[in-house]
Amino acid sequence: MPITTKVSLVRQAPGTYETATVELDDPRQGEVTVKLAASGLCHSDDHVATGDVPVAVYPYVGGHEGAGVVTAVGPNTPGYEVGDHVVFSFLPACGKCEFCAQGLSNLCDLGASLLTGARADDPTSFRMTENGNPVGQQCGISTFAEYTTASVDSVVKIGKDIPLKAAALVGCGVPTGWGSAVNSADIKPGAVVIVMGIGGIGANALQGAAHAGAKTIIAVDPVQFKRDKAKVFGATHAFATIEEAADLARSLTNGQGADATIVTIGVVQGDHVGQALASIRKAGTVVLTGLGNITEAGAPIALGDLTLMQKRLQGSLFGESNPRRDIPNLLRMYQAGQLKLEELITREYTLDEVAQAYEDMHAGRNIRGLVVFD
């Protein structure tokens with residue numbers, strides 16, 4: 001029988017997150033119901049509210065970075081039981097499609113359903129309703145909810161000794177930023193690296209670059225608070241503009257530029273891509289991780305520079321991470337003291353404060369806000 005659960009949703013775009021109560025279905029085969037302990041406040045959910053990322057149905061419950069405890073398991077769903085601790089992966093991984101078979105599970109074919117709000121195997125099937133009408137789930141999970149029902153393709157079991165507030169962060173922001181440096185930029189020891197935008201993704205790109213052995217890690221952000229925080233996560237230098245960062249990179253490399261520049265700005269514009277490309281050396285790499293309006297096209301790129309300097313422009317989804325491999329691995333690093341998680345959390349919020357949390361994000365007050373449930 002359906003239960004009711006408190007959620008934070010948007011009713012239109014542009015719109016603002018508001019608290020509501022919806023009906024939540026019991027899990028079916030291959031699904032679990034989870035009581036949320038914590039949910040990260042990622043910029044991607046704000047992109048849904050602004051309309052930069054259009055979705056298929058409204059109302060639409062946000063949240064795609066969270067952790068909690070399984071309260072119900074669907075019939076004929078082996079491998080899960082009530083009481084399991086899980087982290088949500090906003091990218092489902094079926095383990096069967098061509099991309100999963102290649103080890104590219106961040107590009108799993110199930111990802112085509114992420115913005116439909118419905119089940120991956122049936123675009124007419126929803127697990128949340130309001131007065132009998134469908135309510136969309138962000139990435140099929142919706143972690144801005146006290147309880148949610150999701151496919152087991154979107155959850156990863158973790159040890160019960162891991163704090164769930166810290167674990168919530170490895171569902172999106174940490175592996176996305178970390179992987180942007182370690183996987184997509186393929187940073188080598190001694191490298192000179194620039195990270196543009198120091199929020200929940202950029203801070204972890206700094207951690208990844210430091211772990212990979214970069215000698216010089218240059219953070220770029222117009223907000224002084226974020227430049228100060230960047231030093232906590234591995235930055236050796238911090239500047240307000242990409243021009244200052246590029247000048248330093250060139251001064252350290254005989255005029256060449258950075259080995260890699262990672263773009264993790266909250267709202268990416270075409271100009272940012274052009275600036276990043278201009279900041280790297282011959283055969284260097286620009287990693288584009290941040291999002292803007294996904295329907296827009298165009299960036300002022302010097303095509304001759306791209307070709308003749310043999311530069312590389314690399315998109316990065318989830319930092320090219322594998323949810324079932326990298327989420328547990330990052331948590332092991334956290335337990336070993338090799339990865340900062342609690343330090344990412346600037347402020348905790350209640351579910352009723354999601355809209356305020358995004359106002360704080362826009363104002364540059366947070367590295368990562370976290371919704372904490374009772």
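Both backbone and side-chain heavy atoms feed into the values below; hydrogens, waters and symmetry mates do not.
Closest of all the heavy-atom pairs between Val182 and Gly208 is CG2-O, 3.6 Å. Closest of all the heavy-atom pairs between Ile162 and Ala167 is CG2-CB, 4.1 Å. Nearest heavy atoms, Phe373 versus Ala38: CD1-N, 3.8 Å. The two residues Ala145 and Ser142 come nearest to each other via the heavy atoms CB-O, 3.7 Å. Residue Glu342 comes nearest to Ala166 through the heavy atom pair OE2-CB, 3.9 Å, listed as atom of the first residue, atom of the second, then distance. The two atoms that bring Asn106 and Glu320 nearest to each other are ND2-CA, 3.5 Å, heavy atoms only.
Counting only distance, with no hydrogens or angles, the side chain of Arg324 and the backbone of Val155 share a donor-acceptor pair below 3.5 Å. Counting only distance, with no hydrogens or angles, the side chain of Ser321 and the backbone of Pro175 share a donor-acceptor pair below 3.5 Å. No donor-acceptor pair under 3.5 Å is formed between the side chain of Lys229 and the backbone N or O of Ile367. Judged by distance alone, with hydrogens and angles left aside, the side-chain atoms of Asp84 form a donor-acceptor pair with the main-chain N or O of Glu81 at under 3.5 Å. A distance-only check finds no donor-acceptor pair linking the side chain of Arg250 to the backbone of Ser279 [under 3.5 Å]. A side-chain donor-acceptor contact under 3.5 Å links Thr241 to the backbone of Glu244. At least one donor-acceptor pair closer than 3.5 Å links the side chain of Arg227 to the backbone N or O of Asp221. His47 places a side-chain N or O within 3.5 Å of a backbone atom of Gly266 that can act as its donor or acceptor partner. Put simply, the side chain of Asn183 gets close to the backbone of Gly319: a donor and an acceptor are under 3.5 Å apart. The backbone N or O of Ala283 sits nowhere less than 3.5 Å from a side-chain atom of Arg312 that would complete a donor-acceptor pair.
Residue Val286 is tested with Ile262, Val263, Leu306 for a side chain to side chain contact (heavy atoms under 4.5 Å, CB included); the sole match is Val263. When each of Thr149, Thr148, Thr143 is paired with Gln137, the side chain to side chain donor-acceptor pair (under 3.5 Å) condition holds for Thr148 and for no other.
Of the inter-residue distances, the one linking Ile187 atom CD1 with Asp259 atom CG reads 8.5 Å to the nearest 0.5 angstrom. Of the inter-residue distances, the one linking Leu41 atom CG with Phe144 atom CZ reads 4.5 Å to the nearest 0.5 angstrom. Rounded to the nearest 0.5 angstrom, Glu18 CD and Arg11 CZ are separated by 4.5 Å. Of the inter-residue distances, the one linking Ser105 atom OG with Asp326 atom CG reads 8.0 Å to the nearest 0.5 angstrom. Rounding to the nearest 0.5 angstrom, the gap separating the CD1 atom in Ile327 from the SG atom in Cys172 is 9.5 Å.
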Contacts under 3.5 angstrom, residues 188-204 side chains, donor-acceptor by atom type, not counting sequence neighbours:
residue: Lys188; atom: NZ; partner: Asp186; partner atom: OD1; Å: 3.3
residue: Lys188; atom: NZ; partner: Asp186; partner atom: OD2; Å: 3.4
residue: Asn204; atom: OD1; partner: Gln207; partner atom: NE2; Å: 3.1
residue: Asn204; atom: ND2; partner: Gly200; partner atom: O; Å: 2.7

Output side-chain donor-acceptor pairs under 3.5 Å for residues 55-73, partner residues at least two apart or in another chain, one line each.
residue: Tyr60; atom: OH; partner: Leu114; partner atom: O; Å: 3.4
residue: Tyr60; atom: OH; partner: Gln138; partner atom: OE1; Å: 2.8
residue: His64; atom: ND1; partner: Asp45; partner atom: OD1; Å: 3.3
residue: His64; atom: ND1; partner: Asp45; partner atom: OD2; Å: 2.9
residue: Glu65; atom: OE1; partner: Arg368; partner atom: NE; Å: 3.1
residue: Glu65; atom: OE2; partner: Gly173; partner atom: N; Å: 2.7
residue: Glu65; atom: OE2; partner: Arg368; partner atom: NH2; Å: 3.0
residue: Thr71; atom: OG1; partner: Thr33; partner atom: O; Å: 3.4

With side-chain contact (heavy atoms from CB on, under 4.5 Å) as the test, would you mind laying out the steps for Phe126 and Val135 before giving the verdict? CA-CA 7 Å; Phe126 296 82; Val135 174; over 6 Å; no

Could you go through Asp52 and Asp46, starting from their C-alpha distance and side-chain angles, then the distance that decides it, and tell me whether this counts as side-chain contact (heavy atoms from CB on, under 4.5 Å)? CA-CA 9 Å; Asp52 282 350; Asp46 185 62; over 6 Å; no

Using side-chain hydrogen bond (donor to acceptor under 3.5 Å, both in side chains), reason through Arg332 and Gln335 one step at a time and then give a plain yes or no. CA-CA 5 Å; Arg332 285 191 291 269; Gln335 290 179 302; over 6 Å; no

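Pairs of residues two or more places apart, or lying in two chains, never qualify as ring-ring contact (aromatic ring centres under 6.0 Å, His included) while including a residue from residues 248-283.
Leu107 and Leu91 fall within a single hydrophobic cluster, where Ile, Leu, Val, Met, Phe, Trp and Tyr side chains are chained together by heavy-atom contacts under 4.5 Å.
Looking at Tyr80 and Glu31, their side chains never bring a donor and an acceptor atom within 3.5 Å of each other.
The 12-atom threshold is not exceeded at NZ of Lys165, counting heavy atoms of other residues, nucleotides or ligands nearer than 6.0 Å.
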